[in-house]
Amino acid sequence: MEQLMGQCSALDYARKLTHPELFRQTTKKGGKKYLEIQYKDKKTGELKPFNPLITIDEDKVTFDEQFDGINVIVTSETQMSDEEIIGYYGQLYKIEDCFKVTKTEFNAKPIYVRLEEHIEAHFLTCFLALVLIRVLQHKTNWVYSAGRIIEAMNSAQAFELATGFYKVTANEDLKSIFKLLQIDFDKDIVRYETLNQFNNFWCTTKK
């Protein structure tokens, strides 16, 4: 239904664009695919670059009508079943989300280094960070988005109160993540040795 409505909308828009002046003013491409544009007068052979004859391409409209109400997937995988193709297509959002996370959360782009080895190191760091975040999401049953996990991890702080004693703080998300990971750490004031042991345990757990 959405596809059908989209085609009707594009076709209505295309009919408006048959006016040359409106056609030149718009940069949208949605309705233009249904237009047939002729810059030469069929009778006189005169070229009319600024006043073309614009009509609806009925063949294109007829071709698209056969797919009304149908979602069409184009693929080169001829040996896969329809169910497999649809299943793999449904996973594309995960790939798109990976690009989104690396760009917004890890600042993969723009790149502020110019040497090839520095560029490679930059993307390697972003990729490793993405892997660690995905592992944490998997271990916590995908309860939290990548952004919330990063924010939770950044909330962890330790303030030295006296020699050998630290006050530790974290937001509620990080505390919940600890519970999901079955990590027991609900202390408020700890010795340095305990904090160091927990740090080693946390790093081992993330691996």
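Values below: every heavy atom of this structure, side chains too, minus hydrogens, waters and symmetry copies.
Residues E77 and Y88 have side chains not in contact (no heavy-atom distance under 4.5 Å, counting atoms from C-beta outward). Within the 4.5 Å cutoff, the side chain of T125 has no heavy atoms near those of the L128 side chain.
Within a 6.0 Å sphere centred on CZ of F99, heavy atoms belonging to other residues, nucleotides or ligands number 12 at most. Around atom CD of E116, no more than 12 heavy atoms belonging to other residues, nucleotides or ligands sit under 6.0 Å away. Environment of CZ in F159: crowded, with over 12 heavy atoms of neighbouring residues, nucleotides or ligands closer than 6.0 Å.
Here the CD-CG distance, from E117 to L124, works out to 13.5 Å after rounding to the nearest 0.5 Å. Atom CD1 of I177 sits about 13.5 Å away from atom NZ of K139, to the nearest 0.5 Å. Note that CE of M153 and CG of D173 are 12.5 Å apart. Values are rounded to the nearest 0.5 Å. To the nearest 0.5 Å, the span separating NZ on K167 from CD on Q157 amounts to 11.5 Å. Between the OG atom in S145 and the CD atom in E105 there is a gap of 7.0 Å [rounded to 0.5 Å]. Between atom OG1 of residue T140 and atom NZ of residue K179 there is a gap of 14.5 Å, rounded to the nearest 0.5 Å.
Side-chain contact check for S176 and Y144: at least one donor-acceptor pair (N or O, by modelled atom type) lies under 3.5 Å.
Contact between V101 and R134 at its shortest, heavy atoms only, is CG2-NH2, 4.1 Å. Of all the heavy atoms in I119 and R114, the pair that sits closest is CD1-O, 3.8 Å. The two residues V168 and V190 have their closest heavy-atom pair at CG1-CG2, 4.1 Å. Taking every heavy atom of both residues into account, N107 and T104 meet most closely at OD1-O, 3.9 Å. Nearest heavy atoms, I111 versus A108: CG1-O, 3.5 Å. Of all the heavy atoms in A152 and L174, the pair that sits closest is O-CD2, 3.4 Å.
Salt bridge E151/R148: absent, no basic N to carboxylate O contact under 4.0 Å.
Checked by atom type and distance alone, the side chain of N141 never pairs as donor or acceptor with a backbone atom of V143 at under 3.5 Å. Side-chain N or O atoms of D97 include none that pairs as donor or acceptor with a backbone N or O of Y93 at under 3.5 Å.
By the rule that hydrophobic residues join a cluster once side-chain heavy atoms approach within less than 4.5 Å of another member, L130 and F123 end up as members of separate clusters. At a threshold of 4.5 Å between side-chain heavy atoms, the hydrophobic network of Ile, Leu, Val, Met, Phe, Trp and Tyr places I95 and I85 in one connected group.
Applying side-chain contact (heavy atoms from CB on, under 4.5 Å) to L35 and the options D57, T55, I56 leaves one that passes, I56.
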Stepwise side chain to side chain contact (heavy atoms under 4.5 Å, CB included) check, I133 with F106: CA-CA 11 Å; I133 287 295; F106 304 138; 3.7 Å; yes
Evaluation steps, side chain to side chain contact (heavy atoms under 4.5 Å, CB included), between F165 and E160: CA-CA 6 Å; F165 289 90; E160 188 173 15; over 6 Å; no
